[in-house]
Amino acid sequence: MNRLQHSVVHRLPQSYRWGAGKRLEPRALSGTEAEDDLVGLSLLSHQGVQAWDIMQMLKEALAEIQLDCTVVEWEGEPCLFVARNDECATTCRLKNFGVGIAEAFKDMPA
């Protein structure tokens, strides 16, 4: 059975960029998007070593369609980072593999 079908990712709440020394840095929210902005995806469904394995499979699925991405540790968890311009293609590809994409509920009445 495809382990990706039981995976759920969510988008990290801010933009990121590569800083000095190839370190990932959060980008201040300014209302404008820069060409070098990155979007981060984190797993909700898996933790630990299994999360790293799943993230590597996600990375490979994106590499098959020539989407550049990287998996790095962010706040203690493996996260997948893609260029903001590739976000739509990324989510489409992941959905085709059965990966769930979690979205926050905004402005919902109580």
Side-chain angles (χ1 to χ4, degrees):
M1 180 182 289
N2 182 354
R3 290 194 299 170
L4 294 180
Q5 290 178 347
H6 299 287
S7 301
V8 178
V9 297
H10 77 98
R11 188 179 185 280
L12 297 177
Q14 62 190 94
S15 294
Y16 300 85
R17 67 185 174 121
W18 291 114
K22 281 300 236 183
R23 288 185 44 143
L24 201 61
E25 300 175 346
R27 215 176 97 86
L29 296 175
S30 64
T32 59
E33 297 175 357
E35 207 171 289
D36 63 344
D37 279 357
L38 300 171
V39 172
L41 298 174
S42 175
L43 277 170
L44 294 175
S45 56
H46 299 87
Q47 296 178 345
V49 174
Q50 191 177 25
W52 283 98
D53 292 342
I54 295 295
M55 281 299 192
Q56 287 302 320
M57 287 191 284
L58 296 179
K59 181 179 176 181
E60 291 167 11
L62 296 175
E64 288 175 5
I65 61 167
Q66 299 177 347
L67 281 178
D68 190 31
C69 63
T70 188
V71 176
V72 296
E73 184 174 327
W74 185 256
E75 296 183 354
E77 297 294 326
C79 293
L80 179 79
F81 289 89
V82 298
R84 176 177 298 288
N85 295 338
D86 293 333
E87 182 178 12
C88 290
T90 296
T91 55
C92 182
R93 178 69 170 176
L94 296 182
K95 286 179 181 181
N96 284 339
F97 273 84
V99 176
I101 311 293
E103 296 183 30
F105 292 102
K106 294 182 181 183
D107 303 321
M108 296 293 294

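What you see is a predicted model, and the numbers here were worked out from it, not measured in a lab.
Taking every heavy atom of both residues into account, I101 and K95 meet most closely at CG1-CE, 3.7 Å. Listed here is the closest heavy atom pair of A51 and L43: O-CD1, 3.5 Å. Nearest heavy-atom pair, A61 versus F97, reported as atom, atom and distance to 0.1 Å: CB-CE1, 3.9 Å. A pairwise comparison of heavy atoms in W52 and V71 identifies CZ3-CG1, 3.8 Å as the closest pair. For the residue pair R27 and Q14, the shortest heavy atom distance occurs at O-NE2, 3.8 Å.
Taking hydrophobic clusters as Ile, Leu, Val, Met, Phe, Trp and Tyr residues chained together by side-chain heavy-atom distances below 4.5 Å, L41 shares a cluster with V82. Note on L94: it clusters hydrophobically with V39, by side-chain heavy-atom contacts below 4.5 Å among ILVMFWY residues. Grouping the Ile, Leu, Val, Met, Phe, Trp and Tyr side chains by contacts below 4.5 angstrom, directly or via other members, places L12 with L24. Residues V99 and I65 share a hydrophobic cluster, clusters being chains of Ile/Leu/Val/Met/Phe/Trp/Tyr side chains in contact below 4.5 Å.
Rounded to the nearest 0.5 Å, atoms OG (S42) and CD (E75) are 9.0 Å apart. Here the CG-SG distance, from L58 to C79, works out to 11.5 Å after rounding to the nearest 0.5 Å. Here CZ of R84 is found 11.0 Å from OH of Y16. Values are rounded to the nearest 0.5 Å. Taken from OG in S45 to CD1 in I54, the straight-line distance is 7.0 Å, to the nearest 0.5 Å. W18 CH2 to D36 CG: the interatomic distance, rounded to the nearest 0.5 Å, is 11.5 Å. In this structure, CG on D68 lies 8.0 Å from CG on D86, to the nearest 0.5 angstrom.
A side chain to side chain contact (heavy atoms under 4.5 Å, CB included) with L80 is found for exactly one of L62, V9, V72, namely L62.
Looking at residues two or more places apart in sequence or on another chain, you find a side chain to side chain donor-acceptor pair (under 3.5 Å) between E64 and R93. Remark: Q47 pairs with no residue by the side chain to side chain donor-acceptor pair (under 3.5 Å) rule, at least two apart or across chains.
The environment of Q66 atom CD is sparse: at most 12 non-hydrogen atoms of other residues, nucleotides or ligands sit within 6.0 angstrom.
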